[in-house]
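Please read the structure below before turning to the comments.
Hydrogens, waters and symmetry mates are skipped; everything else that's a heavy atom, side chains included, is used.
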Amino acid sequence: MGCAISGLAAKSEFAARTTEDAAAYPSEDQVQMIKESWKVIQDDIAKVGIIMFVRLFETHPECKDVFFLFRDVEDLERLRTSRELRAHGLRVMSFIEKSVARLEHLDRLEALALELGKSHYHYNAPPKYYSYVGAEFICAVQPILKERWTAELEEAWKTMFQYVTNLMNQGYQEESARQRQLALSPKERPDKRNTAL
């Protein structure tokens with residue numbers, strides 16, 4: 001499709017940043033740019049959600065395997081008109097909206113993203129897919145923002161998505177470790193009693 005960041009570029013722009021870069025929090029100027037652009041984007045959230053996921057499935061068909069309802073759908077036109085895809089797109093856009101609203105409340109944003117990462121463990125949606133959503137979101141909103149779209153705004157959104165996906169990954173790993181602990185037999189679990197006396 002027409003977005004330079006989709007497809008293979010998504011891997012280089014989002015997934016290949018260093019861990020230090022991944023943890024970078026948007027600057028005050030970036031936060032303001034994101035919030036201002038969101039005011040325009042929110043008028044088309046259903047449209048953006050559908051475009052984002054159709055593009056995701058076009059550029060990364062392996063992502064459909066995570067979605068039971070869309071796994072066997074080959075016809076992208078059917079996806080575009082799917083009520084289930086629209087509903088999921090709206091849930092993701094709701095998460096983005098909550099993230100934008102919490103940009104000035106770091107503890108609340110962290111809790112939100114960590115919790116989403118933990119829930120994605122139970123959906124069998126591994127972290128390797130998270131950065132793709134951010135890349136496709138950016139591609140979906142560029143035409144909506146038209147002349148408002150700038151390289152600086154793109155970098156602001158990339159920074160926010162990288163920060164959030166890093167936290168989601170952390171939440172996923174925490175839940176994975178917790179589930180492994182729960183799966184151990186009582187004899188295999190580390191003794192939590194205080195043995196120091």
Intermediate values then yes/no, side chain to side chain contact (heavy atoms under 4.5 Å, CB included), V133 and E136
CA-CA 5 Å; V133 174; E136 298 308 337; over 6 Å; no

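The salt bridge (charged side-chain N to carboxylate O under 4.0 Å, His left out) search around E77 returns R80, not counting sequence neighbours.
Remark: F137 CZ to F53 CZ distance equals 11.5 Å, nearest 0.5 Å. The distance from atom OH of Y172 to atom NZ of K128, rounded to the nearest 0.5 Å, is 9.5 Å.
Q173 and N169 are linked by a side-chain donor-acceptor pair at a separation below 3.5 angstrom, with hydrogens and angles left out of the test. S82 and R78 share no donor-acceptor pair across their side chains, judged by distance under 3.5 Å alone. Between the side chains of H105 and R102, not a single donor N or O lies within less than 3.5 Å of an accepting N or O. Counting only N and O atoms by type, the side chains of Q32 and E28 include no donor and acceptor under 3.5 Å apart. For the 3.5 Å distance criterion, the side chains of S131 and Q162 fail to qualify, holding no donor opposite an acceptor.
Between E174 and R178 there is no salt bridge, since no side-chain N of the basic residue sits under 4.0 Å from a carboxylate O of the acidic one.
Taking the six-membered ring for Trp, F57 and F67 have ring centres closer than 6.0 Å.
When hydrophobic clusters are built by joining Ile, Leu, Val, Met, Phe, Trp and Tyr residues whose side-chain heavy atoms come closer than 4.5 Å, directly or via intermediates, I51 is not grouped with L145.
No side-chain heavy atom of P127 sits under 4.5 Å from any side-chain heavy atom of M168.
Smallest separation of non-hydrogen atoms from A46 and L90: CA-CD2, 3.7 Å.
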For residues 108-120, which side-chain donor-acceptor pairs fall under 3.5 Å, sequence neighbours excluded?
residue	atom	partner	partner atom	Å
E110	OE2	Y163	OH	2.9
S119	OG	L116	O	2.8
H120	ND1	L116	O	2.9

Name every donor-acceptor pair, under 3.5 Å, that has one atom in a side chain of residues 35-45 and the other anywhere in the protein, sequence neighbours excluded.
residue	atom	partner	partner atom	Å
E36	OE2	K39	NZ	3.0
S37	OG	M33	O	3.2
S37	OG	I34	O	2.9
S37	OG	W157	NE1	3.0
W38	NE1	Q42	OE1	3.1

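Of the possible donor and acceptor atoms, one in the side chain of Q30 sits under 3.5 Å from a partner among the backbone N and O of S27.
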